[in-house]
Amino acid sequence: MCALPDTSIWAWESRALINVRYILILTVSLVLSGMGVVYAQLAGSSKAAGLEQCVEPTAFMRKNHMEVLLHQRDKTTREGIRTPDHSLVECVSCHAGRDDDGNFVAVNAKDQFCAGCHEKVAVNIDCFQCHATRPDVEARGAEYPTFAGSPWRVENMYCLSAN
Amino acid sequence: MSDNQDKGREDRRTFFAQVSAGAALLALAPGFRLIDLAVGKNDDEPASPDVRWGMFVDTTRCAEGCTDCVDACNTEHGLHGFDRPQTDAQWIRKLDLEDDQTGQTWSLPMMCQHCESPPCVDVCPTGASFVRDDGIVLVDKHTCIGCRYCMMACPYKARSFIHEDLTDQRPHSPRGKGTVESCNFCVHRVDGNRLPACVEACSDAGHKALVFGDLNDAESTVSKRLSTMQTTQVRDDLGLNTAVRYHGV
């Protein structure tokens with residue numbers, strides 16, 4: 001019945017009364033389809049929701065997006081390589097959803113694209129302590145507070161050769 | 001019939017003439033910006049060691065009280081204060097100087113001087129402070145532990161430490177609590193063949209006190225200015241070979 005030799009890890013299975021492999025496959029597919037529904041709910045309003053797949057096949061991205069980002073991080077910061085495909089800025093601009101008023105919602109907000117899965121699998125990332133969580137909208141420039149400057153620094157600038 | 005054909009030809013001629021004129025205008029507009037950034041770089045190319053970015057500051061054109069460069073920097077990088085002047089982040093600031101004896105005054109912008117041999121890089125214990133191949137001095141905030149040795153080492157007080165949690169950063173300028181930061185010559189703009197925000201703002205406002213370009217390219221505007229005008233390196237006694245040079249101080 002089983003074509004694999006008896007040394008295979010699956011060999012015991014052919015003798016089992018209930019085929020464990022089929023149960024495993026069934027469970028995994030149920031979980032994955034469940035996740036698919038969650039994804040659809042989370043990211044329904046994002047640009048990514050309307051696309052066939054991410055910059056790499058979906059299965060690859062689910063498993064390896066952190067490696068891809070880590071690699072690109074050093075390429076960009078250290079060497080200035082700014083290809084868009086694996087850039088965090090592009091992830092955010094494509095995956096950020098919108099609220100009912102059409103405004104972007106932070107990707108790390110509860111139930112949004114990043115946080116939705118990371119909370120589920122108890123992963124604590126620190127990307128968004130520094131990185132923007134929403135796409136930049138040119139009009140948002142006005143939202144940034146104005147800045148009065150630091151007189152202390154000016155007074156302490158004593159070392160110009162001109163003096 | 002023949003008249004119609006002629007008219008058709010005429011329309012086509014007008015159309016092509018208009019299209020060519022439009023194309024010439026389009027070519028001119030980006031060309032104007034690219035004069036100083038002749039060394040174009042594609043997204044997939046690393047920064048070139050053949051380039052060294054630098055800036056010429058004409059203090060005789062820099063008006064006292066003008067903060068166009070500072071404002072542009074703050075907007076570009078989303079910098080804002082927490083009403084704590086001693087620690088608020090500052091990438092570029094205006095200095096007003098006066099000679100005690102003669103009463104002569106100067107006004108100039110002060111920021112990271114992008115040294116060839118930067119003290120901040122020497123003292124960094126994690127390698128987070130580094131000089132990119134094209135001469136821009138940067139902080140890799142992924143490896144910065146916030147020890148602030150670089151801030152103490154910098155003779156120009158160019159660096160700031162972020163003390164507060166931040167939100168709503170600009171996508172091209174990640175900033176976060178516990179890391180040190182400073183002027184990065186708007187590296188995201190330079191990589192896209194655009195001028196730094198301060199240079200653009202100064203130029204747009206008509207002051208033209210700042211010139212940015214490749215110091216290694218003898219034909220660049222910045223090199224021509226440096227070769228024909230007197231310039232000063234601030235604290236040249238330290239021998240750091242700064243990429244920012246001041247005229248008129």
Side-chain angles (χ1 to χ4, degrees), chain A residues 69-94 96 103-104 106-109 126-138 140-163, chain B residues 41 43-47 67 70-71 74-75 78-81 83 85-88 90 93-97 99-100 106 110 130 132-134 136 138 140-142 155-157 165-179 187-188 190-192 232-237 246 249:
Chain A
L69 282 168
L70 186 67
H71 191 64
Q72 180 79 3
R73 170 193 111 169
D74 293 336
K75 287 258 179 221
T76 304
T77 317
R78 297 268 165 179
E79 299 172 34
I81 293 172
R82 292 177 189 272
T83 43
D85 274 7
H86 298 164
S87 129
L88 183 61
V89 172
E90 292 299 317
C91 296
V92 171
S93 73
C94 197
N103 298 320
F104 283 113
V107 285
N108 63 339
D126 56 7
C127 302
F128 299 113
Q129 287 175 13
C130 288
H131 284 278
T133 56
R134 291 186 289 172
D136 205 22
V137 180
E138 218 46 58
R140 281 183 54 212
E143 287 178 32
Y144 295 107
T146 51
F147 182 47
S150 300
W152 176 86
R153 295 287 194 75
V154 178
E155 285 161 15
N156 281 271
M157 189 66 212
Y158 52 84
C159 49
L160 267 182
S161 57
N163 281 341
Chain B
K41 174 176 113 44
D43 279 350
D44 57 349
E45 290 171 4
T67 56
V70 181
D71 297 340
N74 291 342
T75 307
L79 307 185
H80 57 85
D83 203 18
Q86 296 204 357
T87 57
D88 280 345
Q90 196 175 52
R93 62 188 185 275
K94 278 299 294 294
L95 296 183
D96 294 325
L97 307 168
D99 187 315
D100 287 344
W106 297 268
M110 178 54 61
F130 69 103
R132 213 171 74 149
D133 276 354
D134 54 6
I136 302 181
L138 295 173
D140 184 347
K141 292 169 188 177
H142 303 112
Y156 308 104
K157 295 189 187 295
D165 283 317
L166 299 181
T167 53
D168 268 347
Q169 295 90 334
R170 306 295 305 264
H172 50 252
S173 191
R175 311 173 54 231
K177 180 179 175 178
T179 60
V187 69
H188 61 285
V190 173
D191 283 344
T232 307
Q233 294 184 54
V234 177
R235 288 302 303 271
D236 59 354
D237 55 313
Y246 291 85
V249 290

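Lettering follows sequence order; numbering is per chain, from 1.
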Check: Among Asp140(B), Asp134(B), Leu166(B), Asp44(B), which has the most heavy-atom pairs under 4.5 Å with chain A?
Finding: Asp140(B)
Checklist line | Option in Ser93(A), Cys130(A), Ser87(A) with maximal non-hydrogen atom pairs under 4.5 Å from chain B | finding: Cys130(A)
Check: Relative to chain A, which segment of Asp133(B) carries a heavy atom at a distance below 4.5 Å: side chain, backbone, both, or neither?
Finding: neither
Checklist line | Partner set under side-chain hydrogen bond (donor to acceptor under 3.5 Å, both in side chains) for His131(A), not counting sequence neighbours | finding: none
Notebook entry, point to check: Can you list the residues that meet the side-chain contact (heavy atoms from CB on, under 4.5 Å) rule with Ala132(A), with sequence neighbours excluded?
Noted result: Pro171(B)
Checklist line | Note, Lys157(B) side chain near Arg93(B) side chain (heavy atom, < 4.5 Å) | finding: yes
Note to self: What verdict does the side-chain contact (heavy atoms from CB on, under 4.5 Å) test give for Asp85(A) and Glu90(A), after you've listed the backbone C-alpha separation in whole Å, the side-chain angles of each residue and the deciding distance to 0.1 Å?
What the structure shows: CA-CA 7 Å; Asp85(A) 274 7; Glu90(A) 292 299 317; over 6 Å; no
Notebook entry, point to check: Do you know which of His142(B), Lys177(B), Arg132(B) has the most heavy-atom pairs under 4.5 Å to chain A?
Noted result: His142(B)
